[in-house]
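Everything on this sheet refers to the single structure shown next.
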There are 2 protein chains.
Amino acid sequence: MKYLLQDLKVRINDKVYIKDPESSALGKRIIEHSILMIDEMGFESFTFKKLGVKIGSNESSVYRYFENKHKLLLYLTSWYWGWIEYQLVFATNSIPKPEQKLKKSIEIITQSIKQDSSFSHINEVLLNKIVINEYSKSYLTKEVDKENKEGYFSIYKRLVTRLKDMIHEVNDTYAYPSSLASTIIEGALHQHFLKEHFPSLTDCNNKITPSTYYTDLVFNSLK
Amino acid sequence: MKYLLQDLKVRINDKVYIKDPESSALGKRIIEHSILMIDEMGFESFTFKKLGVKIGSNESSVYRYFENKHKLLLYLTSWYWGWIEYQLVFATNSIPKPEQKLKKSIEIITQSIKQDSSFSHINEVLLNKIVINEYSKSYLTKEVDKENKEGYFSIYKRLVTRLKDMIHEVNDTYAYPSSLASTIIEGALHQHFLKEHFPSLTDCNNKITPSTYYTDLVFNSLK
DNA sequence: CAAATATAATAGTATTACTATTAATTAATA
DNA sequence: TATTAATTAATAGTAATACTATTATATTTG
C-alpha cells in the first residue's frame with residue numbers, strides 16, 4: 001500500500017498556487033523546505049525570503065509559485081488531508097461491517113504519523129506536526145467565506161463528510177453525525193497539541209492515544 | 001447576578017500587560033476599542049497604529065500598556081475565560097446534584113453570548129466572537145511553553161480543571177475526564193465557528209445549539 | 001513651588017510582504 | 001542552426017508593520 005500511495009498525486013485546487021510546485025524541481029524544493037522550515041520556526045516566523053536563502057534561490061522565485069505564505073499553508077494542509085483521505089478510503093474499502101469501518105477510520109484520522117515514506121520530497125511526519133500546530137490558522141481568517149467558496153477547503157470538507165456518512169451507517173438515528181465527525185477530526189489535532197504542551201488538560205499520553213479516547217467517545221454516543 | 005458581576009474585576013496575570021489597562025481612562029479605551037476593531041477587521045489586520053488613530057491617541061501610548069498585540073490578545077481572552085468562570089461558579093454553586101451541576105456548566109461554557117452587560121467598556125458579545133475566531137492563535141505559537149510556564153493560560157486551565165472535576169463527580173470510573181473537559185470547551189468554540197462558516201460540517205443551527213450537542217455527547221459517555 | 005514622576009508625541013529603524021523591471025536561460029520553430 | 005518566443009531567475013524598489021529611542025508635556029508629591 002505504501003508503495004502504491006507514493007505515486008498517487010494528491011489533486012489540489014489549482015487556485016491555491018500560481019504555478020504547480022509538482023511541475024518543476026524548484027517547486028518541489030519549495031515544498032520540501034517549507035515543510036522543514038515551518039516545522040522548525042513556526043508559521044509566523046517563516047518568510048519567503050528565508051525560504052529563498054535556504055533553497056539557494058530568490059524570494060521572487062517563490063512568489064511565482066505561491067501568492068503568499070497563507071496560500072502555501074493551504075496547499076500543504078490540503079495535501080495532508082488528501083493524503084489522509086487516500087489512506088482512509090484504501091484501508092476501509094474492503095471492510096463490510098460499519099462498526100469496524102468506522103473504528104478503522106477513527107484510527108487513521110486520529111493517529112500521529114510516526115514514519116514518512118522517505119521517497120518523495122514531502123515529509124509526512126513533519127507535515128502532521130504542522131497540521132496540528134497551524135491548521136486552524138488557515139481558516140480562522142476574515143477571508144474564510146470567500147476562500148471556502150473558491151473551494152480551498154474542499155478536501156477537508158470531503159473527509160468530514162466521509163466520516164459523517166460512516167457514523168450514519170452505524171446508527172442512522174443519531175442526531176449529530178456531522179458535528180461528531182468534525183469534532184473527531186478537529187478534536188484529535190487538539191488532543192495531540194495538549195499532549196505536547198498542556199498535559200494536565202488531557203488524558204492522552206504514551207499509553208492512552210487520542211484514538212483510544214475518540215473511539216470510546218464515538219461508540220458511547222452511537223450505542 | 002448581572003449587577004453583582006459587573007463590579008467584579010477579573011484578575012489577570014500581570015505579566016501580560018506593562019501597565020494595567022484598568023488603571024486609567026486611556027487603558028480602558030484601549031480595551032474597549034481593541035475589542036471593536038479586532039472583531040471588525042480580524043486579529044491579523046489589527047495594528048496598534050490603527051488603534052491609536054481610533055482612540056485619538058498615539059501608537060506608542062498603546063505600547064506602554066501592552067508589549068505587542070499578542071499580549072493584548074492574551075489579556076482579552078484571559079478576561080473572557082475569567083468572566084465565564086465567574087458565571088459558572090456562581091450559577092452552579094448552589095446546585096447539589098452532580099448531574100445538574102455539570103449540565104448547567106456545559107450550558108454556560110457552550111452558549112453564545114447574546115447580550116452584553118452594557119455597563120463597562122467591555123462588550124461581551126463581541127469578545128465571545130473574538131474568542132471563537134482568534135483564541136487558538138494565542139497558544140498555537142512557538143512561545144507556548146514559555147508563556148504557559150509564566151502562567152498566561154492559568155485561567156483557562158483552571159476552567160478546564162473545574163469542568164473535569166464535575167465530570168469526575170458524575171462518574172468517577174470514566175477514564176478520560178480531562179480530555180472530555182478540554183473537548184467541550186475547545187470543541188464548542190469550533191462548532192460555533194462551523195455554524196457560521198461551514199454549515200455542512202455541523203448539525204448546529206438555530207434550533208440545535210452546541211449546548212444540545214455537547215450535553216448529549218457528555219451524558220452518553222458518562223452513563 | 002520645585003522636583004520627581006508619569007504620560008504623550010515625534011521621529012526613526014529593521015523587517016516583512018510584496019511588485020515591477022530587467023537579465024538570463026531554455027525551448028520552439030523557420 | 002539561427003532566431004525568436006517563452007519561461008524562469010535575479011535585482012531593486014515600495015508601502016506597511018512592529019517596534020524603539022528620544023524629547024516634550026502634564027501631573028503628582030514633598
Side-chain angles (χ1 to χ4, degrees), chain A residues 14-34 37-38 40-76 121 134 137-138 140-143 146-147, chain B residues 14-34 37-38 40-76 121 134 137-138 140-143 146-147:
Chain A
D14 59 14
K15 282 182 210 135
V16 309
Y17 51 74
I18 294 165
K19 179 187 160 78
D20 185 357
E22 288 294 323
S23 72
S24 75
L26 181 66
K28 283 175 189 162
R29 283 173 64 73
I30 287 172
I31 298 304
E32 180 181 1
H33 285 88
S34 62
M37 289 177 79
I38 292 172
E40 195 186 314
M41 62 179 65
F43 187 66
E44 277 68 38
S45 301
F46 169 80
T47 70
F48 281 2
K49 188 161 204 168
K50 290 174 186 170
L51 176 62
V53 172
K54 196 72 144 208
I55 62 178
S57 181
N58 196 281
E59 194 188 3
S60 59
S61 305
V62 182
Y63 275 104
R64 266 176 303 98
Y65 286 84
F66 293 99
E67 211 183 316
N68 50 49
K69 68 176 182 173
H70 174 247
K71 291 277 175 79
L72 172 58
L73 181 63
L74 286 173
Y75 180 90
L76 294 177
H121 51 292
E134 323 286 0
K137 298 171 192 169
S138 76
L140 293 177
T141 68
K142 279 283 165 187
E143 296 75 36
K146 198 180 117 267
E147 296 188 343
Chain B
D14 60 15
K15 282 182 209 136
V16 309
Y17 51 75
I18 294 164
K19 179 186 159 81
D20 185 355
E22 288 293 322
S23 71
S24 75
L26 181 65
K28 283 175 189 163
R29 285 174 63 72
I30 287 173
I31 298 305
E32 179 182 2
H33 286 88
S34 63
M37 291 178 78
I38 292 172
E40 195 186 314
M41 61 179 67
F43 188 66
E44 277 70 37
S45 301
F46 169 80
T47 71
F48 281 2
K49 188 161 206 168
K50 290 174 186 170
L51 176 62
V53 172
K54 195 72 145 209
I55 61 178
S57 181
N58 195 280
E59 193 188 4
S60 59
S61 304
V62 182
Y63 274 104
R64 265 178 304 99
Y65 286 83
F66 294 99
E67 211 184 316
N68 50 48
K69 67 175 181 173
H70 175 247
K71 291 277 175 78
L72 172 56
L73 180 63
L74 286 173
Y75 180 91
L76 294 177
H121 50 292
E134 323 286 1
K137 297 170 192 170
S138 76
L140 293 177
T141 68
K142 279 285 166 186
E143 295 76 35
K146 199 179 114 267
E147 296 188 344

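The chains referred to below are lettered A, B, ... by the order of the sequence lines, with proteins before strands, and numbering in each begins at 1. Source: prediction; values computed, not measured.
Every residue two or more places apart in sequence or in another chain that forms a side chain to side chain donor-acceptor pair (under 3.5 Å) with A:K71 is listed here: A:E67.
Taking atom NZ of residue B:K50 and atom C1' of nucleotide D:dA15, one finds them 13 Å apart after rounding to whole Å. Residue B:E44 contributes atom CD, which lies 10 Å from atom P of D:dA18 at whole-angstrom precision. Whole-Å rounding puts the B:K71 NZ to D:dA18 P distance at 15 Å. In this structure, B:H70 places its NE2 atom 11 Å from P of D:dC19, rounding to the nearest Å.
A donor-acceptor contact closer than 3.5 angstrom links the side chains of B:Y65 and B:S24.
Under a cut-off of 6.0 angstrom, the local environment of NZ in B:K49 is sparse, with at most 12 non-hydrogen atoms contributed by other residues, nucleotides or ligands.
Each of A:S45 and B:S24 lies near DNA chain C, and the nucleotide nearest B:S24 is the one positioned closer to the 5' end.
Of all the heavy atoms in A:K54 and A:M37, the pair that sits closest is CB-SD, 3.7 Å.
Distance alone, capped at 3.5 Å, is enough to place a donor-acceptor pair between the B:K50 side chain and the B:S45 backbone. Between the A:K137 side chain and the B:L140 main chain, a donor and an acceptor come within less than 3.5 Å of each other.
Taking the side chain as every heavy atom from C-beta outward, B:K69 and B:L51 never approach each other to under 4.5 Å.
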Worked verdict on B:H70 versus B:E147 for side-chain contact (heavy atoms from CB on, under 4.5 Å): CA-CA 11 Å; B:H70 175 247; B:E147 296 188 344; 2.9 Å; yes
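Along DNA chain C, read 5' to 3', the first and last nucleotides having any atom under 4.0 Å from a heavy atom of chain B are C:dT7 to C:dT10.
Within residues 56-65 of chain B, the residues that have a heavy atom under 4.0 Å from DNA chain C are, in order of number, B:S57, B:N58, B:S60, B:S61, B:R64.
Contact check, B:K49 against D:dA18: no side-chain N or O comes under 4.0 Å of OP1 or OP2.
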